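Residue numbers start from 1 in every chain, and the chains themselves are labelled A, B, ... in the order their sequence lines are given, proteins ahead of strands. A quick note: this is a predicted structure, and the numbers were derived from the prediction, not measured.
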Amino acid sequence: MIEAGKPATRLKSEALAVLLERGLVHQCTDLEALDRTLSEGPLTAYAGFDATAASLHVGHLMPLMTMRWLQKLGHRPIVVMGGGTSLIGDPSFRKDARPMLEERQIAANIATIRRSVERLVDMEGPDGAMLVDNAEWLNEFRFLEFLRDYGSRFTVNRMMTFDSVKSRLDAQMPLTVLEFCYMMLQAVDFLELAKRHDCVLQVGGSDQWGNIVNGVELGRRDGRKLHGLTVPLLTTASGAKMGKTAAGAVWLHPEHLSPFGFWQFWRNTADADVGRFLRLFTELPMSEIDRLSALQGAELNEAKKILATQVTAIVHGPEEARAALQQGDALFAGEGEILEPSHKLPLASLAEGLGLLEVVVSVGFAASNGEARRLVEGGGVRLNNRIVDDPRRRIAIGDLQANDRLSVSVGKRRKALVGFA
RNA sequence: GGAGGAGUGCCCGAGUGGCUAAAGGGGACGGACUGUAAAUCCGUUGGCUAUGCCUACGUUGGUUCGAAUCCAACCUCCUCCA
């Protein structure tokens with residue numbers, strides 16, 4: 001195991017040097033061997049993603065950035081969608097086993113996720129990244145066949161030594177057969193990819209270590225040298241798992257979180273995280289990153305804007321990033337306004353006596369009228385930049401600005417422009 | 001299979017018949033202060049067509065004027081014994 005950010009010494013491969021320098025490496029099954037393999041020529045690497053949610057979120061960005069770097073340095077990424085494994089459902093939540101997903105839902109998720117993945121890795125051309133679904137092979141197995149071909153290659157003795165298993169048993173917590181077998185499936189994925197596409201490296205989150213190691217060991221029993229690499233867990237400087245905001249997770253897909261909302265998330269990075277995030281989530285040269293993270297006090301805000309704009313450009317494209325930057329400047333530097341309506345409501349609703357609370361809910365700043373009411377009563381809601389503290393307030397034609405627009409904000413950071421038509 | 005224990009709001013956790021939409025803490029959000037940061041202080045933290053109504057303390061029934069609290073059955077988990 002190696003420490004993230006630790007200066008790499010005597011590395012032969014550029015790829016590994018970059019990943020280490022960026023802080024994208026947490027653990028590696030055999031660093032020297034991987035370094036050698038990477039330096040010998042292009043290799044194929046994969047990262048797997050669950051298809052249980054409709055969009056990826058910032059937590060998925062680290063493995064994706066790793067794939068992006070690998071591709072940039074001449075290697076070929078494969079992105080594996082867990083279409084097969086998602087059918088079983090994530091077994092680590094044992095309290096209220098959530099309903100297993102319908103195949104149709106999973107297919108829809110995969111389609112959405114694919115759009116985000118395409119932003120990060122280039123899927124075009126014969127050398128482009130591939131996207132495969134593990135249902136392709138997992139769905140084909142029959143139980144006896146699976147036991148014979150793979151069950152014989154795993155020993156319970158070995159599986160018992162994995163932390164994920166051991167900690168559960170030590171704590172006297174139940175571990176279902178399903179969970180126990182889950183790691184076999186991921187190992188099988190790795191071996192299948194090795195056979196089909198000559199894939200020799202798996203990248204995943206640090207919680208995937210055990211699963212990845214299993215795949216590497218299965219490969220060895222099949223006469224293959226496979227490698228595993230984990231990225232660190234994304235946490236804030238205060239130690240909290242990160243990726244949640246008032247609106248929920250920080251999604252990568254624009255339909256789940258607007259590019260401006262995404263930009264805002266990064267703009268609000270804590271001082272202590274700026275340098276680390278620049279390394280992890282942008283492709284700026286290290287010298288530039290060093291300069292930016294050395295800024296002090298309020299000057300660091302410039303670094304945060306650069307961070308936000310760079311990450312947004314990677315995930316949503318340069319156009320969207322530029323627009324978000326302008327938007328942010330307009331909004332927070334002076335009395336700026338949002339330039340384009342972010343939400344639309346029918347003009348006719350005004351005649352019906354549209355309530356302030358309804359507006360706050362409909363732009364997504366509150367989950368219920370009650371929550372909106374509390375925000376209003378607490379002085380957190382502004383209409384056209386004026387605090388409004390009457391929850392019974394109704395919106396009238398006279399409240400609209402030019403072009404029938406109404407600006408609504410909650411707190412300092414959440415602003416929306418509602419267009420009436 | 002037997003004996004004992006547990007299941008509370010986003011999370012942890014108090015509560016053993018009415019004063020309980022449920023103490024306390026965490027988290028989250030809003031306000032003040034700031035730099036759209038951190039720290040600190042204050043406030044809020046089930047829903048609604050709102051001085052009332054509805055939903056909620058594992059599930060389903062029951063006792064009672066009244067139940068998170070008592071009873072029964074069931075479900076799940078834990079501990080010990082076989």
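- Across B/C48, B/U36, B/G35, the shortest atom-to-atom separation from the side chain of A/A298 is found for B/G35.
- Counting non-hydrogen atoms under 4.0 angstrom, A/E377 reaches nothing in the nucleic acid.
- Side-chain atoms of A/K305 and base atoms of B/U36 include no donor and acceptor less than 3.5 Å apart.
- Per the geometry, CD belonging to A/E371 stands 19 Å off P belonging to B/A50, to the nearest Å.
- Note on A/R374: only backbone sugar-phosphate atoms sit closer than 4.0 angstrom, heavy atoms only; bases stay farther off.
- The existence of a salt bridge linking A/E371 and A/R374 is excluded, since no basic side-chain nitrogen approaches an acidic carboxylate oxygen closer than 4.0 Å.
- A/N268 has its CG atom 5 Å from the C1' atom of B/U36, to the nearest Å.
- In the set B/G35, B/G30, B/C48, the nucleotide with an atom closest to the side chain of A/N369 is B/C48.
- Across all strands, A/R373 comes closer than 4.0 Å to base atoms (heavy-atom distances).
- A salt bridge does not link A/E217 with A/R153: every distance from a Lys NZ or Arg NE/NH1/NH2 to an Asp or Glu carboxylate oxygen is 4.0 Å or more.
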From CA spacing to verdict: side chain to side chain contact (heavy atoms under 4.5 Å, CB included), A/L292, A/V274: CA-CA 9 Å; A/L292 288 170; A/V274 172; 5.8 Å; no
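- Counting non-hydrogen atoms under 4.0 angstrom, A/G411 reaches the backbone sugars and phosphates but no base.
- Salt bridge A/D271/A/K304: present, at least one basic N to carboxylate O contact under 4.0 Å.
- The side chain of A/R414 contributes an N or O atom lying less than 4.0 Å from OP1 or OP2 of B/G30.
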